[in-house]
Amino acid sequence: VYSSRLNMPHSFGYRAQTRTLFKKEFKTKGHCNTTTYLRTFKRGDYVDIKVDSSVHKGMPFKYYHGRTGVIFNITKRAVGVEVKKEVNGRVINKKIHVSLPHIKASKCRDELIQRKKDNAAAKAAAKAGGERVSLKRLPAQPKVGYFLARDTEPETIQPTPYVDLV
């Protein structure tokens, strides 16, 4: 009986096997903060779906926990999120409505947006200076070779012989 419980789930409900999946972080138990409901989202924003198990309304299905999607609709208490889901080898766009406590702004585009700003600044500086600048990303180049200057003669160190005086 004991070994069969390790191999197979006992229940097959809507929230089956979510004990560790929906677990809250240390010292964050209880209701979510009021600021959670005051965050503003716009259509086209990228959001991460992270289920807050203390709020049952508007909770997405466990498959969507940890997924990133794009907001396509905004209502009073929820946002519509479009998530890509692979089903039988093909990718389907799923549109789900998720309550605000279960989503947070994604950082997946922060690097891209910062790179665009840096490129625009570099372009403006190059235009003002009258020179061409390459904005392409380059892989990390190998370090430049150098010769080590030797000030003193290297000292040879010999191991001391082991002596057992016991």
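To the nearest 0.5 angstrom, Arg109 atom CZ is 9.5 Å from Asp45 atom CG. Note: Arg67 CZ to Lys50 NZ = 16.0 Å, rounded to the nearest 0.5 Å. Within the model, atoms CD1 of Ile49 and CE of Met59 stand 12.5 Å from one another, a figure rounded to the nearest 0.5 Å. Here CZ of Arg137 is found 9.5 Å from CG of Asn119. Values are rounded to the nearest 0.5 Å. Distance CG/Asp52 to CG/Leu100: 11.5 Å, rounded to 0.5 Å. Rounding to the nearest 0.5 Å places CD1 of Ile113 at 13.0 Å from NZ of Lys107.
In this structure, Thr18 contributes its side chain and Leu21 its backbone to no donor-acceptor pair below 3.5 Å. Looking at Ser54, its side chain does come within 3.5 Å of a backbone N or O of Gly30 through a donor-acceptor pair. The main-chain N or O of Asp110 is never found under 3.5 Å from a side-chain atom of Arg115 such that the two would form a donor-acceptor pair. A donor-acceptor contact shorter than 3.5 Å is absent between the side chain of Arg90 and the backbone of Glu86. Looking only at distances, no side-chain donor or acceptor of His102 sits under 3.5 Å from a matching main-chain atom of Ser53.
When all heavy atoms of Thr36 and Pro101 are compared, the closest pair comes out as CG2-CA, 3.6 Å. When every heavy atom of Val133 is checked against every heavy atom of Ala126, the shortest pair comes out as CG1-CB, 3.5 Å. For His65 against Val51, the heavy-atom pair with the smallest separation is ND1-N, 3.0 Å. For the pair Cys32 and Val55, the tightest heavy-atom approach, listed with the atom from each and the gap, is SG-CG2, 4.1 Å. Closest non-hydrogen pair, Lys23 versus Arg19, comes out as CB-O, 3.6 Å.
For Lys24, the NZ atom is densely surrounded, since the number of other residues' heavy atoms within 6.0 Å is greater than 12. Within 6.0 Å of the NZ atom in Lys62, the count of heavy atoms belonging to other residues, nucleotides or ligands exceeds 12. For Asn88, the CG atom counts as loosely surrounded, since its 6.0 Å shell holds 12 or fewer non-hydrogen atoms of other residues, nucleotides or ligands. Surrounding CD of Glu25 are at most 12 heavy atoms belonging to other residues, nucleotides or ligands under 6.0 Å away. Residue His56 qualifies as enclosed at atom NE2: its count of foreign heavy atoms under 6.0 Å is above 12. Within a 6.0 Å radius of NZ in Lys85, other residues, nucleotides and ligands contribute more than 12 heavy atoms.
Residues Ile103 and Asp48 are not in side-chain contact: their nearest non-hydrogen atoms beyond the backbone lie 4.5 Å or more apart. Using a 4.5 Å heavy-atom threshold, the side chains of Val79 and Asn73 count as separate. Val81 places none of its side-chain heavy atoms less than 4.5 Å from the side chain of Val70. Considering only heavy atoms from C-beta on, Arg15 comes within 4.5 Å of Phe22 through its side chain.
Note: the hydrophobic cluster containing Val98 also contains Phe41 (ILVMFWY, side chain heavy atoms under 4.5 Å, direct or indirect links). Put simply, Ile96 and Ile92 are part of two different groups of oily side chains (I, L, V, M, F, W, Y) that touch within less than 4.5 Å, one to the next.
Cation-pi geometry between Arg39 and Tyr37 is not met at under 6.0 angstrom from the ring centre and within 45 degrees of the axis. Remark: Lys94 fails to qualify as a cation-pi partner of Tyr64 under the 6.0 Å distance and 45° angle criteria applied to the six-membered ring.
Taking the side chain to side chain contact (heavy atoms under 4.5 Å, CB included) definition, one finds that Glu82 meets it with Phe72, Asn93, Lys95, sequence neighbours left out.
In the model, Asn33 has no side-chain atom that pairs as donor or acceptor with a side-chain atom of Thr35 under 3.5 Å.
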